[in-house]
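Values in this document were obtained by computation on a predicted structure and should not be read as measured data. Along the sequence shown, residues carry numbers from 1. Side-chain atoms are counted along with the backbone in the values below, which use heavy atoms only and exclude waters and symmetry mates.
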Amino acid sequence: MTTIYHNPRCSKSRAAVELLRSHQIEFDIVKYLEDPPSEKELAKIVKMLGITPEQLVRKKEKRFNEMELGDQVMSDKQWIAILAANPSLIERPIVVHQGKAAIGRPTENITELLGQ
């Protein structure tokens, strides 16, 4: 099964949904701002993406600056806890497909993930 972590207000996220539909991929939508992934889920996603948790952080997000996270050095576990508690900081969209994941910025990352 394919899952997209989606923010309907984000144009890149909407484009990712349309891309999946155009490839006739069945998928589940997780509106992660309403239903945030757990720390365990985030750790799994980060592993599938092949990145560090800090690389999943939207550093230009207002909340990032409000929390004064820019100058802090944190462990992967600490970053995951911050993302779980502040889902607006999670990069979007994320598509999980057949045990792998991609951030849909640019959408070509999703096409590559789908093997298309």
For this session: Answer yes if L69 and I51 sit in the same cluster of Ile, Leu, Val, Met, Phe, Trp and Tyr residues linked by side chain heavy atoms under 4.5 Å apart, and no otherwise.
Result: yes
For this session: Could you tell me which residues satisfy salt bridge (Lys or Arg N to Asp or Glu O under 4.0 Å) with K62, sequence neighbours excluded, listed by chain and number?
Result: E66
Seminar exercise, completed: dist L49:CG -> L113:CG (nearest 0.5 Å) comes out at 9.0 Å
For this session: Kindly write out the residues that satisfy side-chain hydrogen bond (donor to acceptor under 3.5 Å, both in side chains) with E39, not counting sequence neighbours, or none if the list is empty.
Result: none
For this session: Group every Ile, Leu, Val, Met, Phe, Trp and Tyr by side-chain heavy-atom contacts under 4.5 Å, then state whether L20 and V30 land in the same group.
Result: no
Exercise. So, for T107 and A15, which heavy atoms are closest and what is the spacing to 0.1 Å?
Worked result: CG2-CB, 4.1 Å
Problem set entry | Interatomic spacing from OG in S13 to CZ in R9 - rounded to 0.5 Å | 12.0 Å
Seminar exercise, completed: Sorted by chain and residue number, the side-chain hydrogen bond (donor to acceptor under 3.5 Å, both in side chains) partners of T3 (sequence neighbours excluded) come out as none
Exercise. Same cluster for I29 and I103 if Ile/Leu/Val/Met/Phe/Trp/Tyr side chains link at under 4.5 Å?
Worked result: no
Exercise. According to the salt bridge (Lys or Arg N to Asp or Glu O under 4.0 Å) rule, which pairs have a member within residues 16-35, sequence neighbours left out?
Worked result: E18-R21
Exercise. Taking only residues at least two apart or on different chains, which pairs with a member in residues 41-51 satisfy side chain to side chain donor-acceptor pair (under 3.5 Å)?
Worked result: S38-E41
Problem set entry | CG-CG distance between L33 and N7, expressed to the nearest 0.5 angstrom | 4.5 Å
Exercise. Taking it one step at a time, do Q55 and T52 satisfy side chain to side chain donor-acceptor pair (under 3.5 Å)?
Worked result: CA-CA 5 Å; Q55 291 174 295; T52 66; 3.3 Å; yes
Exercise. Linking I/L/V/M/F/W/Y whenever any side-chain heavy atoms sit under 4.5 Å apart, do M48 and I4 land together?
Worked result: no
Exercise. Does CD belonging to E68 count more than 12 external heavy atoms closer than 6.0 Å?
Worked result: no
Problem set entry | Joint hydrophobic cluster, V17 plus Y32, side-chain heavy atoms closer than 4.5 Å | no
Exercise. Quick one: side chain to side chain contact (heavy atoms under 4.5 Å, CB included) partners of K59, sequence neighbours excluded?
Worked result: E54, V57, F64
For this session: Hey, could you give me the CD1/NE2 distance between I110 and H23, rounded to the nearest 0.5 Å?
Result: 10.0 Å
For this session: List for me each residue that meets side chain to side chain contact (heavy atoms under 4.5 Å, CB included) alongside S11, sequence neighbours excluded, and say none if there are none.
Result: R14
Can you give each donor-acceptor pair under 3.5 Å made by side-chain atoms of residues 84-96, sequence neighbours left out, with the distance rounded to 0.1 Å?
| unit_1 | atom_1 | unit_2 | atom_2 | d |
| --- | --- | --- | --- | --- |
| N86 | OD1 | R63 | NE | 3.1 |
| N86 | OD1 | R63 | NH2 | 3.3 |
| N86 | ND2 | I82 | O | 3.0 |
| E91 | OE2 | R58 | NH1 | 3.2 |
| E91 | OE2 | R105 | NE | 3.0 |

For this session: Under the side chain to side chain contact (heavy atoms under 4.5 Å, CB included) rule, collect the residues that match up with A43, sequence neighbours excluded.
Result: I80
Exercise. Is the closest side-chain heavy-atom distance between H6 and P8 below 4.5 Å?
Worked result: yes
Problem set entry | Pair listing, salt bridge (Lys or Arg N to Asp or Glu O under 4.0 Å) test, anchored in residues 76-87, at least two apart | none
For this session: List for me each residue that meets side chain to side chain contact (heavy atoms under 4.5 Å, CB included) alongside Q78, sequence neighbours excluded, and say none if there are none.
Result: M74, S75
